[in-house]
Amino acid sequence: MLEKAYTAKQFEDKIYKKWESHGSFKPSDAKKTFSIAMPPPNATGTLHLGHAIMLAIQDILIRYKRMDGYASLWLPGTDHAAIATQNKVEKVLAEQGISRHDLGRKKFLDEVKKFVANSQSTIRNQIRKMGSSCDWSHERYTLDDGLSEAVLEIFTRMYEDGLIYRGDRIVNWCPRCGSTLADDEVDYKEEKGKLYWLKYGPFSLATTRPETKLGDTAVAVHPKDKRYKKMIGKKYMIPGVLGDFEIVVVADEAVDPEFGSGAIKVTPAHSFTDFDIAKRHGVPLKKIIDEEGRMMKNCGKYAGMTTLECRKAILEDMDKMGLLEKTEDYNHQLSVCYRCGTSVEPLTSKQWFIDVNKKIKRLGGKTLKEKSIEVVKDGSVKILPNRFNKTYYHWMENLRDWCVSRQIWWGHRIPVYYCEDCNEMMVSVQAPKKCTKCHKSNLRQDEDTLDTWFSSGLWTFSTLGWPKQTEDLKRFHPTSVMETGYDILFFWVARMILMTTYALNEIPFKTVYLHGLVRTKTGEKMSKSKPETCIDPLDMIQKYGADALRLSLVIGSSPGNDIRLYEEKIAGYRNFVNKIWNSARFVLMNIEEKDYNANEKDVLNSELSKTDKWILTRLNEVIEDTTKKLEKYALSDAGTEIYDFLWGEFCDWYLEMSKVNKNPKVLSFVLKKILVLLHPFTPFVTEVVWENLNQKNLLINEPWPKKNKDMLFKKEKSEIKIVKDIITNIRALRVESNVDVTRKIKAVIYAGKHEGLMKKKSTIISRMANLGELEILKSGSKLKNALMSVVEDVEIFLPLEGLMDIDKERKRMQKEITEMKNNIDFIEKKLANDGFVNKAPKEVVAKERARREDLIARLEKLRKQLESL
RNA sequence: GGGCGCUUAGCUCAGUUGGCUAGAGCGACUGGUUUACACCCAGUAGGUCAUAGGUUCGACCCCUAUAGCGCCCACCA
């Protein structure tokens with residue numbers, strides 16, 4: 001006997017262990033396969049709702065496919081998250097007054113490893129709490145030996161293909177992290193700044209960064225700008241705070257003649273635009289800001305100052321020299337590091353880059369960019385929702401060479417070795433023992449590590465054993481779905497496509513499902529600084545259960561759209577979970593053990609009432625619909641449909657009707673099918689109930705149901721609809737007329753052609769409408785002093801002599817009649833319209849006609865009743 | 001500056017390729033210890049589907065403009 005209410009925390013851990021110990025998460029050996037590489041959470045901390053939603057969605061997909069007979073692999077893992085992790089550990093050490101340099105590379109890395117091991121075990125535990133049916137025997141970590149080998153292998157190959165090169169180029173530099181950042185790792189923040197107008201030799205020009213004047217080597221103007229035409233190509237000496245310096249005037253399309261004076265100072269070493277201009281015109285670079293964000297030695301008295309200090313000092317000096325013309329308020333976008341928020345310093349530096357514009361043989365003469373765009377354009381990779389295609393193309397088309405070297409310690413060290421004796425450079429997976437040129441063994445490995453997205457870009461295949469040609473790789477790659485937040489489409493999804501098409505000449509996944517961000521009830525971003533609206537998934541699991549949390553994240557959310565989450569919503573789904581439990585409780589109380597395994601044959605061979613036929617019909621329709629919806633990734637729709645079926649039909653009607661007349665085989669059969677359908681959504685409660693039905697196998701391994709045509713009963717479906725409508729009408733009538741609900745009143749039904757049906761279902765009607773007496777006749781004269789309603793051609797009377805207010809009832813009927821008339825008018829207008837009758841599909845017209853007939857017949861009956869009152 | 005999304009009942013959201021003068025949950029209100037469930041049951045109220053045009057026999061749905069909110073991208077110094 002089940003407890004009165006379901007308490008999730010009493011069962012969830014036990015059930016999860018049961019699945020694990022049965023090896024239920026391991027892919028079967030079926031031929032058809034389905035696979036998802038779980039986006040690896042950063043190994044830096046704990047799970048948040050962003051993880052919870054991804055786990056819920058992916059688990060639904062995996063469980064569904066597993067039940068549907070696919071060998072399904074859901075591969076879990078973690079990411080070393082280079083900069084994020086290093087920053088975190090540095091912060092912890094800083095509290096003890098230690099810097100990473102105090103410890104040295106090796107000891108510092110040991111600290112990081114300890115930290116990671118700890119958070120990994122937290123994460124594993126939390127993934128389990130969500131009910132995620134991932135295959136732990138396949139768990140991977142981006143720094144595993146195998147995965148590291150894949151990273152070095154790709155690096156080496158790309159180098160050999162000429163795709164990876166070392167260049168002295170301008171990069172985004174975070175002075176706090178002490179490292180480069182990729183273009184998309186830079187955030188922009190609106191800043192109230194100033195625009196300074198400088199007297200600049202023969203020019204007058206505006207800048208937001210006067211301190212960079214020390215690094216200027218040119219002035220650029222628009223080629224068509226008449227004001228400066230004569231000056232193009234000439235050199236000028238410009239008076240400056242450190243004496244005069246020379247610039248050359250160049251003409252470049254990048255200059256906007258409308259802005260400022262139409263002339264811009266060019267600081268090639270510290271601005272992306274200027275760098276490009278300088279490159280186009282062969283203008284020299286002059287680097288003046290170092291990697292700590294300080295002015296370099298070549299800046300005279302300003303050397304050693306931070307850029308901001310220097311800006312202040314240089315403005316004062318320029319003002320004294322009369323070089324500062326005016327200052328205006330100016331808002332602009334300040335670029336900051338996405339990890340730590342520090343203002344990013346563009347500077348030139350020797351770094352490793354991936355050339356995205358080089359045509360290569362391996363890709364049939366296409367560039368990395370072109371190939372990445374192609375696989376989405378030709379539909380090999382489908383993005384859901386597909387409006388993100390456009391965003392993806394735009395990003396890819398504008399992608400610049402990807403800077404992959406980072407000056408941090410935590411990560412995959414670049415497999416490049418330099419000979420200290422002859423300066424030869426070697427790139428190889430295995431560290432070389434001797435210099436290939438001078439054969440001496442005085443070698444030094446490059447200090448830098450790789451961008452964290454370099455390794456995660458390989459995630460779908462490095463986790464399956466590549467570069468070895470493993471069985472897993474053959475079976476499960478390309479993966480079926482990549483499910484992740486739309487906020488990392490560029491960071492990760494795009495990079496996986498780029499890296500995988502290069503490495504394997506194969507797509508990494510067939511479908512990309514992008515979920516939205518989880519927000520508060522009022523639509524704000526959840527942040528830990530606002531604990532009152534910031535929901536911790538683990539708290540919610542503790543309080544309402546994982547099943548309830550999963551539903552609250554999945555139902556009402558669609559790909560690409562943000563979702564609002566709040567506690568009442570989760571509580572609501574907890575109620576639904578309890579409803580599942582109680583429906584099962586009722587069924588268990590009404591069947592015997594021999595019915596637990598009733599199959600389709602048993603059901604069809606049993607004596608089926610109209611009610612049974614109706615619920616079987618609906619069940620099979622629901623099976624068909626939800627399966628279609630799941631195939632379309634319409635998870636929310638699928639979930640809603642089963643929710644409504646269980647609560648609104650099975651519980652509200654079928655179980656209630658079973659209290660009069662039950663068929664234990666049908667009760668058992670339908671309940672079990674519902675459990676199967678619900679299992680991907682609410683795995684825990686369904687498995688617990690399943691257990692109580694003494695099933696030999698676990699529900700997680702139960703096959704997904706298919707529609708059975710022998711269980712579709714069209715006639716009974718519409719008959720039961722009439723019965724339901726009659727009951728609903730009687731209930732409404734008595735409540736509207738303030739008749740005490742508990743009072744067992746009498747009803748008279750003139751059933752017309754439905755006499756047989758009514759007589760068969762009279763007990764059910766009596767019970768569900770709480771009637772004391774029910775008289776069923778084929779027809780008769782209108783009853784006075786009675787409430788009345790009509791369903792199809794069935795007339796219902798509630799004779800309430802003495803209890804009813806005739807005036808009130810007249811008004812009520814009058815109102816109903818008026819509404820009906822309006823309705824009929826509306827339909828008639830439509831039918832009188834030739835355009836409609838001729839152009840609308842036949843079914844639509846026929847439907848309207850039938851509706852009109854029905855309404856007219858009912859109207860007539862109501863009218864007569866009104867007259868007789 | 002470019003691109004995208006959203007605007008439906010008090011709140012949170014559904015509404016499939018145009019065809020029930022629009023649905024659910026929560027909240028409100030009325031009333032209920034009936035063979036599971038008060039985490040429940042029965043019922044009621046509440047919407048010119050942001051605005052203005054257009055296409056169509058027919059628009060919440062398609063098109064165009066407008067407004068408000070939000071997001072992404074961008075080297076206007």
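Chain identifiers are assigned alphabetically (A, B, ...) following the order of the sequence lines, protein sequences preceding nucleic acid strands; residue numbering begins at 1 within each chain.
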Taking atom C1' in both B/rU33 and B/rG70, what distance in whole Å separates the two?
49 Å

Which heavy-atom pair separates A/Arg311 from A/Pro210 by the least distance, and what is that distance?
CG-CG, 3.7 Å

Taking only nitrogen or oxygen atoms into account, show me every contact under 3.5 Å that the protein makes with nucleotides 55-57 of chain B, one pair per line with its distance.
unit_1: B/rC57; atom_1: OP1; unit_2: A/Lys839; atom_2: NZ; d: 2.1
unit_1: B/rC57; atom_1: O2'; unit_2: A/Asn833; atom_2: ND2; d: 2.6

Sugar-phosphate, base or nothing in reach of A/Glu843, heavy atoms under 4.0 Å:
nothing

Classify A/Thr728 by what it touches in the nucleic acid, base, sugar-phosphate, or nothing, heavy-atom distance under 4.0 Å.
sugar-phosphate

Sort me out a list of protein N/O and nucleotides 23-32 of chain B N/O pairs below 3.5 Å, or just none if empty.
none

Between B/rA50 and B/rC61, how many Å separate the two P atoms, rounded to a whole number?
8 Å

Below 4.0 Å: OP1/OP2 of B/rC20 and any side-chain N or O of A/Lys847:
yes

Just to be sure I understand: a Watson-Crick pair is purine N1 to pyrimidine N3 plus N6-O4 or O6-N4, both under 3.5 Å. Using that and G-U wobbles, which stems of three or more pairs involve RNA chain B?
B:1-7 with B:67-73, B:10-13 with B:23-26, B:28-32 with B:40-44, B:50-54 with B:62-66

Would you classify A/Ser271 as touching base, sugar-phosphate or nothing, given that sugar-phosphate means primed atoms plus P, OP1 and OP2, and contacts are heavy atoms under 4.0 Å?
nothing

May I ask you to say what A/Lys265 touches in the nucleic acid, namely base, sugar-phosphate or nothing, with a heavy-atom cut-off under 4.0 Å?
nothing

Describe the nucleic acid contact of A/Arg574 in one word from base, sugar-phosphate, nothing, applying a heavy-atom distance below 4.0 Å.
base

Looking at every strand, decide which applies to A/Asn822 at a 4.0 Å heavy-atom threshold: base, sugar-phosphate, or nothing.
base

What contact category does A/Phe275 fall into here, base, sugar-phosphate, or nothing, at under 4.0 angstrom with non-hydrogen atoms?
nothing

A/Arg387 side chain near B/rG3 phosphate (N/O to OP1/OP2, under 4.0 Å):
no

